[in-house]
Amino acid sequence: MSDPMASSQPSHPPSWYHLNAGDPPRYAPPGGSCKADVCIVGGGFTGLSAALHLAEAGTDVVLVEAGRIGYGASGRNGGQMHSGQRQDVQWLEKKVGFEAARTFWDIGELAKAHVRGLIDRHRIDCDLTSGLIEAVHNPSLLEETKALVDGLSERFDYRDIAMLDRDETALALGSEFYAGGFRDKGAGHLDPYRFLLGLAAAATAAGAKLHEDTRAIMLRSGRTVVTTHGTISADHVILATDCRSGEIDKLSRRCALGINSFIVATEPLAELGAGSAADILPGNECADDTRYIVRYWRKSADGRLIFGGGENNSGTIPRDIAAYVRPHLEEIYPQLTGVPIAHGWSGLVTVTAPRMPFVREVQPGVWAAGGYSGQGVALAPYVGKLLAEQALGATGRNADSEALDHLALYTRLAIPQLADWDWMRRAMVTAALWQGRIKDRVKLPAKSAG
């Protein structure tokens with residue numbers, strides 16, 4: 001993988017979700033040049049959500065995907081649906097003030113409700129399950145974590161969150177590795193690829209035209225998308241490529257970086273005869289931790305542990321992903337030492353410097369979004385809806401004013417541009433990862449949690 005940001009279809013092994021999905025529908029390339037009200041580039045959460053909402057509003061919408069729909073980050077992530085934004089409300093309040101921080105929190109709540117609404121309305125079978133445990137890896141972070149939990153409850157009126165002490169965290173996780181944590185009943189997890197396939201089916205049923213194996217090459221005359229199978233002339237263009245549109249949009253590329261992340265799926269734990277299998281995530285919640293190189297895990301519907309751990313920016317994917325991830329898994333769950341791993345895979349997490357989404361009108365009538373920084377399961381479909389509402393307004397249809405306000409709030413975020421040289425970008429990520437690894441290993445004394 002010579003440049004992880006150069007295309008929308010990096011060469012990564014298929015995810016366990018892909019292998020477990022059977023034979024999903026294929027969407028043929030377009031038969032030639034065409035016209036549309038809106039052209040969407042990218043078949044992930046953002047693009048498909050936008051396509052669905054536009055089609056339901058009666059818009060003529062065409063979506064093109066360079067490879068197969070759902071083979072980017074949307075179809076290979078950890079499946080965790082978090083509350084809020086990637087940055088917590090304390091960080092946001094310092095950066096943008098209380099009122100804007102409160103609106104960003106409300107956006108996160110609407111985003112979760114939006115995902116749940118899509119699943120209910122379109123009867124998408126994707127194993128949606130409620131609950132998340134955030135585990136504190138360093139005792140020195142307990143005071144800060146308690147302040148966050150108290151602030152969300154008291155100042156942001158969020159009642160689905162509660163602090164856990166060491167013993168409660170151990171019970172919730174089935175691991176004694178962590179110093180404490182919190183439970184978020186309003187968060188949850190799902191099978192991201194099956195959710196995505198459901199969005200694609202719903203968008204098609206509503207009238208959207210989806211095309212795979214159709215790479216967008218360039219924009220001509222502002223809003224004509226030149227693809228490998230003809231041109232699409234549109235009144236409005238949405239670049240939903242997670243900041244990887246190549247030559248079409250260099251601005252979003254300069255505002256984001258790609259990091260390789262790795263996940264494994266074990267064999268079903270109950271079938272292994274391990275007496276402690278039922279103790280691992282007994283509430284069927286998902287989990288992540290406070291490390292810089294974050295670990296995240298959950299159980300699938302058939303009882304596998306789906307575990308993410310380890311990141312790199314070396315430009316290569318380990319030959320044995322299972323061996324690469326296994327030490328992270330076994331450090332938390334020593335009782336699973338030697339557990340058979342059914343499949344390992346990788347994917348790109350696109351991050352911005354402030355770990356907040358990049359959403360911009362990159363040229364007149366052309367909008368781009370991406371850089372969800374690991375928080376895309378909830379946020380990306382909602383941003384897709386916001387971009388759809390903006391396109392509706394731009395093409396003379398009624399648009400949701402609240403959605404436009406939320407979109408404007410994202411556009412006002414300061415997302416700095418980064419170096420445009422590949423070697424410099426790799427060096428920046430590598431340095432950050434090494435700094436994060438050192439920080440994760442430092443054991444500091446605990447501060448009082450109050």
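- Shown here for Ile263 and Val325, the closest heavy-atom pair between the two residues is N-CG2, 4.3 Å.
- With rounding to the nearest 0.5 Å, the separation of OG in Ser346 from OH in Tyr324 is 10.5 Å.
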Could you walk me through whether Tyr193 and His18 satisfy the ring-ring contact (aromatic ring centres under 6.0 Å, His included) test, starting with their C-alpha distance in whole Å, then the side-chain angles of each, then the deciding distance to 0.1 Å, before giving a yes or no? CA-CA 7 Å; Tyr193 186 52; His18 297 141; 4.5 Å; yes

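- A salt bridge links Arg121 to Glu56: one of the charged nitrogens lies within less than 4.0 Å of a carboxylate oxygen.
- Remark: the Asp289 side chain and the Tyr296 side chain contain no N/O donor-acceptor pair separated by less than 3.5 Å.
- In this structure the side chain of Met81 never reaches within 4.5 angstrom of the side chain of His189, judged on heavy atoms.
- Take His82 and apply the ring-ring contact (aromatic ring centres under 6.0 Å, His included) test, not counting sequence neighbours, and it matches no residue.
- At most 12 non-hydrogen atoms from other residues, nucleotides or ligands lie less than 6.0 angstrom from CZ of Arg123.
- Two residues are said to be in side-chain contact when any heavy atoms from C-beta on lie closer than 4.5 Å; Ile280 and Leu305 meet this criterion.
- Rounding to the nearest 0.5 Å places CG of Leu409 at 5.0 Å from CD1 of Ile107.
- A distance below 6.0 Å separates the ring centres of His114 and His53.
- For the pair His211/Leu63, no side-chain contact is recorded, criterion being any heavy-atom separation below 4.5 Å from C-beta on.
- Taking Glu267 as the reference, Arg304 meet the salt bridge (charged side-chain N to carboxylate O under 4.0 Å, His left out) condition, with sequence neighbours excluded.
- Taking the six-membered ring for Trp and thresholds of 30 and 60 degrees, Tyr333 and Trp297 have ring planes more than 60 degrees apart, a perpendicular arrangement.
- Looking at Ser130 and Arg116, their side chains come closer than 4.5 Å, going by heavy atoms from C-beta outward.
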Dump the intermediate steps for salt bridge (Lys or Arg N to Asp or Glu O under 4.0 Å) on Asp150 and Lys146, then the final yes or no. CA-CA 6 Å; Asp150 290 345; Lys146 187 176 186 302; 2.8 Å; yes

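- Using a 3.5 Å distance cut-off with no hydrogens or angles, the side chains of His137 and Arg291 do not pair a donor with an acceptor.
- Aromatic ring pairs are classed by plane angle as parallel below 30°, tilted from 30° to 60° and perpendicular above 60°; the pair Tyr382 and His406 is tilted.
- Asn398 CG: 12 or fewer foreign heavy atoms inside a 6.0 Å radius.
- In this structure, CZ on Arg86 lies 15.0 Å from CZ on Phe104, to the nearest 0.5 angstrom.
- Nearest heavy atoms, Ile133 versus Ala172: CD1-CB, 4.0 Å.
- Judged purely by distance below 3.5 Å, without hydrogens or angles, the side chains of Tyr372 and Thr350 never pair a donor atom with an acceptor atom.
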Walk me through it: do Ser153 and Arg159 pass the test side chain to side chain donor-acceptor pair (under 3.5 Å)? CA-CA 5 Å; Ser153 177; Arg159 307 302 181 188; 3.2 Å; yes

Starting from the C-alpha separation in whole Å, work towards a yes-or-no answer on salt bridge (Lys or Arg N to Asp or Glu O under 4.0 Å) for Asp106 and Arg102. CA-CA 6 Å; Asp106 292 342; Arg102 177 61 191 254; 3.3 Å; yes

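- For the 3.5 Å distance criterion, the side chains of Tyr17 and Trp345 fail to qualify, holding no donor opposite an acceptor.
- Nearest heavy-atom pair, Leu190 versus Pro192, reported as atom, atom and distance to 0.1 Å: O-CD, 3.2 Å.
- Around CD of Glu176, the count of heavy atoms belonging to other residues, nucleotides or ligands within 6.0 Å does not exceed 12.
- Across Ser74 and Gly44, no two heavy atoms sit closer than the pair OG-CA, 3.5 Å.
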Please determine whether salt bridge (Lys or Arg N to Asp or Glu O under 4.0 Å) holds for the pair Asp125 and Arg194, giving the CA-CA distance in whole Å, both sets of side-chain angles, and the decisive distance to 0.1 Å. CA-CA 7 Å; Asp125 180 12; Arg194 283 165 57 189; 2.9 Å; yes

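- Side-chain contact annotation: Lys112 with Ser83, donor-acceptor N/O pair under 3.5 Å present.
- Here the closest non-hydrogen pair linking Leu386 and Leu407 is CD1-N, 3.9 Å.
- With hydrogens and angles left out, the side-chain atoms of Asp249 and Ser252 include a donor and acceptor closer than 3.5 Å.
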Salt bridge (Lys or Arg N to Asp or Glu O under 4.0 Å) between Arg155 and Glu93: does it pass, once the steps are laid out? CA-CA 12 Å; Arg155 302 180 66 240; Glu93 190 171 353; 2.9 Å; yes

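- Closest of all the heavy-atom pairs between Ala57 and Leu392 is CB-CD2, 3.7 Å.
- Inspection of the His236 and Gln390 side chains reveals an N or O donor paired with an N or O acceptor under 3.5 Å.
- Once rounded to the nearest 0.5 Å, the distance linking OG1 of Thr241 with CD1 of Ile248 reads 8.0 Å.
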Worked check of side chain to side chain contact (heavy atoms under 4.5 Å, CB included) between Asn260 and Leu348: CA-CA 5 Å; Asn260 287 331; Leu348 282 176; 3.1 Å; yes

